Amino acid sequence: MKRITCKFGGTSLADAACIREVLAIIRANPDRRFVVASAPGKRTPEDKKITDLLYAWHSIARQGLDASEPRRIIETRFTELARELGVKFDIDHHLREIALVAGAYEAPDFMASRGEYLNGRLIAEVLGAEFVDPAECIKFKASGELDPATYELLGARLHGGLFVVPGFYGAMPDGSIKTFSRGGSDVTGSIVARASKSDLYENWTDVSGFRMADPRIVPDAKRIEEITYKELRELAYMGATVLHDEAIFPVHAAGIPINIRNTKDPEAPGTMIVAARVSHTPVCGIAGHGGFTMINIEKTLMNKEKGFGVRVLSVFDEFGLNWEHLPTGIDTMSVIVRDAELNGKGEAVLEAIQKRVDPDEIKMVPGLAMVATVGQGMNHHVGVAARLTGALAAAGVNIRVIDQGSSEMNIIIGVEESDLKAAIQAIYRTFDS
Ligand code: ASP
């Protein structure tokens with residue numbers, strides 16, 4: 001018998017009809033024994049997420065104001081869910097307990113975690129499964145990192161039977177609740193998969209896996225059948241979102257594949273995230289976004305000046321700025337930074353670099369979009385870069401900067417923000433077969 005951890009996202013658990021579909025999926029395969037649940041999400045675009053209501057409740061309570069409105073909406077949602085699913089669930093009792101401490105902690109983590117806690121309890125009740133509270137077995141170190149002791153603690157709880165573990169939270173060494181960042185139930189799913197020694201981590205969401213490009217830019221973008229953890233990491237970093245970007249690490253370390261599946265289309269195979277791909281198509285995905293600035297520095301004989309690069313980067317360090325890319329030439333060096341990171345400090349950074357390395361020229365080029373073309377097969381294929389640049393030339397897109405990482409797993413290009421869509425479309429059309 002295999003072991004499968006299956007995590008269901010908030011939209012898959014938004015109402016009783018969705019939860020019934022989820023129950024059917026769980027019951028369809030007895031290997032699905034470790035269920036990780038998010039809090040109920042939006043039923044319609046105008047609806048409220050339970051987690052957002054809990055954050056609101058916390059903030060209102062902290063200000064000493066009356067939080068009866070978010071509480072009432074949460075109560076109604078869970079009461080309806082329990083009634084429609086035909087289980088007894090004393091939501092009033094739970095909410096009274098939560099209300100007692102609603103404004104007690106400065107951090108919102110405890111309150112935010114209650115959506116997953118309540119939903120986990122409800123789903124365990126419906127499934128007749130054992131409820132496992134992550135407060136008891138998903139542990140963080142004082143630094144906020146996951147304590148590796150978690151795997152043994154949690155693993156010891158997950159023997160025999162069917163289990164429901166709420167997503168999104170664990171406990172600090174002093175027992176207080178700490179959540180992952182938003183969307184963090186994906187991380188819990190990965191931790192549960194590893195702790196339970198699952199053969200597969202199914203991540204059930206509302207899309208049938210990853211697409212080769214953002215469908216808002218390429219509406220007919222193909223589904224990615226298989227992608228490696230590393231490729232996904234590159235794409236996610238450049239803005240492709242489906243899975244929380246920290247969710248890969250626990251399963252990657254244990255070699256457990258992740259299967260992204262769609263609760264609305266349970267027969268669809270989705271996307272498999274694996275250690276090594278069988279298919280060797282050179283490009284598996286393209287992602288990109290705007291909002292970058294490039295700082296160009298020029299100095300004759302820069303290449304002979306020892307420590308030049310370190311001195312430039314020390315300025316970023318002093319300003320507490322993360323930089324993203326570092327294309328260099330013989331006498332030129334560029335530093336690419338996200339605008340959100342630079343946050344109006346651009347001129348001050350230029351001045352500091354000017355003082356530090358006395359360049360012949362230094363200028364700031366805003367309005368840049370970065371596009372990553374990702375594929376582990378690239379290093380086996382001659383001419384990928386040529387095809388890519390050719391496609392961009394044919395589409396009339398000017399490449400401002402190009403950067404191929406030494407992993408030969410991606411080619412990153414910088415284009416004018418206004419060319420972003422055209423660039424992604426042109427690259428996609430070149431590599432979609
Ligand atoms: N409910 C949490 C959120 O809205 C965590 C999750 O759904 O994964 O971010």
Side-chain angles (χ1 to χ4, degrees), residues 5-15 18-19 21-22 25 34-59 70-71 73-74 77-78 81 91 94-95 98 102 105 107-124 131-135 138 140 144 146 150 154 164-171 177-194 201-207 210 232 236 240-251 258-264 273:
T5 293
C6 37
K7 178 259 165 180
F8 295 91
T11 41
S12 304
L13 302 169
D15 60 21
C18 296
I19 294 182
E21 286 164 1
V22 163
I25 290 168
F34 311 102
V35 176
V36 175
S38 281
K42 292 184 182 190
R43 293 160 294 185
T44 59
E46 304 73 41
D47 199 12
K48 304 267 181 290
K49 286 180 79 165
I50 292 289
T51 310
D52 291 335
L53 290 164
L54 287 159
Y55 277 113
W57 184 352
H58 173 258
S59 147
R71 178 183 167 158
I73 307 174
I74 295 169
R77 291 267 313 256
F78 278 103
L81 282 177
I91 184 67
H94 286 299
L95 290 179
I98 293 171
Y105 312 109
D109 297 45
F110 171 78
M111 289 300 282
S113 72
R114 295 303 88 184
E116 270 70 12
Y117 173 84
L118 292 172
N119 213 26
R121 283 232 171 258
L122 178 79
I123 290 169
F131 174 83
V132 176
D133 191 346
I138 295 188
F140 294 100
L146 185 78
T150 292
L154 184 57
V164 175
V165 188
F168 195 35
Y169 71 95
I177 296 291
K178 177 179 156 54
T179 60
F180 295 103
S181 56
R182 296 299 304 262
S185 300
D186 284 343
V187 187
T188 309
S190 188
I191 293 169
V192 169
R194 179 160 166 190
Y201 170 24
E202 288 179 344
N203 187 288
W204 291 84
T205 173
D206 55 356
V207 291
F210 288 95
L232 180 64
T241 50
V242 168
L243 193 68
H244 191 292
D245 60 1
E246 285 165 38
I248 297 175
F249 303 112
V251 282
I258 309 175
N259 189 194
I260 306 290
R261 299 283 291 267
N262 187 353
T263 32
K264 301 284 167 223
I273 306 165

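None of the values given here were measured: they were computed from a predicted structure. Whatever order the structure lists ligands and atoms in, that order sets their numbers, starting from 1. Residue numbers count from 1 along this sequence.
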TODO: If the plane angle is over 60° it's perpendicular, under 30° parallel, otherwise tilted; pick one for Trp204 and Phe8.
DONE: parallel
Open item on the list: Quick check on side-chain hydrogen bond (donor to acceptor under 3.5 Å, both in side chains): which of Asp186, Asn203, Thr205 does Lys7 satisfy it with?
Closed with: Asp186
- [ ] Check whether more than 12 heavy atoms from other residues, nucleotides or ligands sit under 6.0 Å from atom NZ of Lys42, and answer yes or no.
- [x] yes
- [ ] Flag the pair Asp52 and Arg182 as a salt bridge only when some basic side-chain nitrogen lies within less than 4.0 angstrom of an acidic carboxylate oxygen.
- [x] yes
Open item on the list: If we ignore hydrogens and angles and just use 3.5 Å, is the side chain of Ser190 paired with the main-chain N or O of Val251 as donor and acceptor?
Closed with: yes
- [ ] Decide whether a cation-pi geometry holds between Arg114 and Tyr169; the criteria are a distance under 6.0 Å from NZ or CZ to the six-membered ring centre and an angle within 45° of the ring axis.
- [x] yes
Would you mind writing out a table of all protein N or O atoms found under 3.5 Å from any N or O atom of ligand 1, naming both atoms and giving the distance to 0.1 Å?
| from | atom 1 | to | atom 2 | distance (Å) |
| --- | --- | --- | --- | --- |
| ligand 1 | 1 (N) | Thr51 | OG1 | 2.7 |
| ligand 1 | 1 (N) | Glu116 | OE2 | 2.6 |
| ligand 1 | 4 (O) | Lys49 | NZ | 3.0 |
| ligand 1 | 4 (O) | Arg182 | NH2 | 2.9 |
| ligand 1 | 7 (O) | Ser38 | OG | 3.3 |
| ligand 1 | 8 (O) | Gly183 | O | 3.3 |
| ligand 1 | 8 (O) | Gly184 | N | 3.4 |
| ligand 1 | 8 (O) | Ser185 | N | 3.0 |
| ligand 1 | 8 (O) | Ser185 | OG | 3.0 |
| ligand 1 | 9 (O) | Arg182 | NE | 2.8 |
| ligand 1 | 9 (O) | Gly183 | N | 2.8 |

